[in-house]
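As C-alpha cells, the structure follows; a few thoughts come after it.
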Amino acid sequence: MTSTEFFINMKSIPSKDSVEYDAFFARELEKIKYGVKINGVDISGWLYWHVNHWKMAMDAIDPRNGDIIRKFDNPQLRDNEWVIAEHLKKAEEEKKGLCIIGSRRLGKSVYASSYSGRSATIYQGSENVIVGNNKDDLGVITSLMDKGLLGLHEHFRFGRILDDWKKEVALGFKDKKGTRLEWSKIFIRNTDGGKITEVVAGTTPKSLIFDEIGKADILDVFNGAKPSFATPYGWRCVPILIGTGGSFEKGRDAEKIFNDPDSYNMLVVE
C-alpha cells in the first residue's frame, strides 16, 4: 500500500495543460484495466481501481475534538478486498459468475458499486445492470455509485446525459458543437420481490450485479438474464450475486446456487 505505483501515493499529479498529462493517465487507465505487478505481487485491475480511484464514506476521527465523523475517502485494503479481488479475477478468466454471501459490514454494496462504476467508466459503449428486489436495497447501491462516480479524478469523471437512478443513467459528454455523446449506460432494475423475471431482457451487460439474492426467488430472474450476456466466447460479464446473512426471507434459490455453483456456471470456491 506504500508503493509509488499507487495513485494515492503519488505526490505530483500532472495538470491538464502539462505535456505529461496524457501519458500519465494512459498509464493509469492501463493499470485500471489490466492491473499492475508490485514487488512481484499481482494487483488486479479492479482492486487497483477500488483502492486508488473509488471513494466511499468512512469513519474518521476529528483531530481537534476526537469526534467520530464520516469522511469521503478511498477504501482501505482489508483482507476482504484482497480475497474478493482474487476470486473476481478468477471468475473473469474462467468466464463465470461469483456468489458472495457475507455478514453485514463486509462491504458488499461498496464492492458492487465500485465494480459496476469501473465498467461504466473504462468500457465505451458498455451497459451495466444492477438488479434488486426492492427500491430500498437498490437505493443503497445506486447512492454509493452516484457518489463514487462524482468523486473520481476529472480525467475519469463523465457528465450525465441521463440521470435517473431509479431507472437509467447515461454517462457521456458534449462536443464543441453541443452535441451529446454517450459513453456508457447504467440500468437499474427492480424485480419487485422476484415477481418480474425479465428485468434484464433487452440489455447486453458488461457488468451485472444481483443484490440481496436471499430476499426473493431469483433463479427465474437469473436464468432469464443469461441470454443477455452469453456469447460464442463465453459469458461477457461476471454476474455477481450478493446476499447478506440474516436477510434471507426467501433464500431457497440463493442456497441452491451457493451450494452447487458448478451447475450454475458460478466460480467454485473452497
Side-chain angles (χ1 to χ4, degrees), residues 1-3 5-10 13 28-29 31-33 35-36 43-63 67-89 98 100-123 126 128-132 135-160 163 165-166 169 171 184 186 188 207-212 238 240-245 247:
M1 285 299 292
T2 59
S3 171
E5 279 276 11
F6 272 29
F7 184 78
I8 54 174
N9 296 329
M10 296 178 184
I13 307 298
E28 275 304 293
L29 179 59
K31 289 187 281 188
I32 291 168
K33 273 189 174 183
V36 63
I43 307 294
S44 73
W46 171 74
L47 185 59
Y48 182 86
W49 157 272
H50 187 66
V51 299
N52 286 282
H53 291 281
W54 200 244
K55 286 185 171 64
M56 59 174 284
M58 300 176 61
D59 289 327
I61 296 293
D62 186 325
D67 278 356
I68 300 174
I69 57 175
R70 296 292 275 172
K71 180 182 179 183
F72 196 58
D73 206 349
N74 299 94
Q76 296 174 343
L77 178 53
R78 306 174 300 171
D79 289 348
N80 292 342
E81 281 79 2
W82 186 264
V83 171
I84 287 175
E86 177 183 1
H87 292 99
L88 276 172
K89 181 66 175 172
L98 184 64
I100 304 173
I101 308 292
S103 63
R104 301 185 188 281
R105 297 182 61 83
L106 178 63
K108 299 179 295 297
S109 296
V110 176
Y111 304 143
S113 65
S114 170
Y115 191 83
S116 191
R118 170 181 174 269
S119 179
T121 299
I122 68 175
Y123 295 120
S126 65
N128 306 278
V129 185
I130 301 173
V131 179
K135 64 180 182 179
D136 291 337
D137 288 337
L138 281 168
V140 172
I141 290 184
T142 54
S143 176
L144 289 167
M145 197 167 178
D146 183 23
K147 293 180 176 67
L149 289 169
L150 290 172
L152 296 173
H153 184 277
E154 64 174 344
H155 183 80
F156 297 115
R157 186 174 62 243
F158 285 96
R160 310 279 174 85
D163 197 14
W165 284 102
K166 293 181 180 178
V169 174
L171 304 184
S184 65
I186 303 161
I188 297 90
S207 69
L208 178 58
I209 307 295
F210 282 82
D211 188 37
E212 295 295 0
V238 174
I240 302 175
L241 279 59
I242 298 171
T244 302
S247 296

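In this text, all values refer to a predicted model and were calculated from it rather than measured experimentally.
Contact check for Val110 versus Met58: no side-chain heavy atoms found under the 4.5 Å cut-off. Proximity of Lys89 to Leu47: side-chain heavy atoms (C-beta onward) are nowhere separated by under 4.5 Å. Taking the side chain as every heavy atom from C-beta outward, Arg118 and Tyr48 never approach each other to under 4.5 Å. For the pair His87/Val238, no side-chain contact is recorded, criterion being any heavy-atom separation below 4.5 Å from C-beta on. The closest side-chain heavy-atom distance from Ile32 to Phe156 is below 4.5 Å.
The shortest non-hydrogen separation linking His50 to Ser114 is ND1-OG, 2.9 Å. Considering all non-hydrogen atoms of both residues, Ser126 and Ala120 come closest at OG-CA, 3.9 Å. Nearest heavy-atom pair, Trp54 versus Asn74, reported as atom, atom and distance to 0.1 Å: O-ND2, 3.1 Å. Lys33 approaches Tyr123 most closely through the heavy-atom pair CE-CE2, 4.4 Å.
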Discussion item. Checking Glu28 against His53 for the side chain to side chain contact (heavy atoms under 4.5 Å, CB included) test, could you report, in this order, the C-alpha distance in whole Å, the side-chain angles of both residues, the deciding distance, and whether it holds?
Written reply: CA-CA 10 Å; Glu28 275 304 293; His53 291 281; 2.8 Å; yes

Worksheet item: Given the rule in the side chain to side chain contact (heavy atoms under 4.5 Å, CB included) test, do Ile186 and Trp165 qualify, once you have shown the distances and angles that lead to the verdict?
Response: CA-CA 9 Å; Ile186 303 161; Trp165 284 102; 3.9 Å; yes

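Aromatic ring pairs are classed by plane angle as parallel below 30°, tilted from 30° to 60° and perpendicular above 60°; the pair Trp46 and Tyr115 is tilted.
Rounding to the nearest 0.5 angstrom, the gap separating the CG atom in Leu77 from the CD1 atom in Ile43 is 7.0 Å. The NE2 atom of His155 lies 11.0 Å from the OG1 atom of Thr121; values are rounded to the nearest 0.5 Å. Distance CD1/Ile209 to OG/Ser116: 5.5 Å, rounded to 0.5 Å. Here the straight-line distance linking atom CG of Leu138 with atom CE of Met145 works out to 12.0 Å at 0.5 Å rounding. Once rounded to the nearest 0.5 Å, the distance linking CD1 of Ile141 with CG of Asp211 reads 3.5 Å. The distance from the CD1 atom of Ile240 to the CD1 atom of Ile84 is 9.0 Å, given to the nearest 0.5 Å.
Inspection of the Trp82 and Asn80 side chains reveals no N or O donor paired with an N or O acceptor under 3.5 Å.
Between Asp59 and Arg70 a salt bridge is recorded (basic side-chain N to carboxylate O distance below 4.0 Å).
No more than 12 heavy atoms of other residues, nucleotides or ligands sit less than 6.0 Å from atom NZ of Lys147. Within a 6.0 Å sphere centred on CD of Gln76, other residues, nucleotides and ligands contribute 12 heavy atoms or fewer.
For Arg78 (side chain) and Leu106 (main-chain N/O), a donor-acceptor pair under 3.5 Å exists by modelled atom type.
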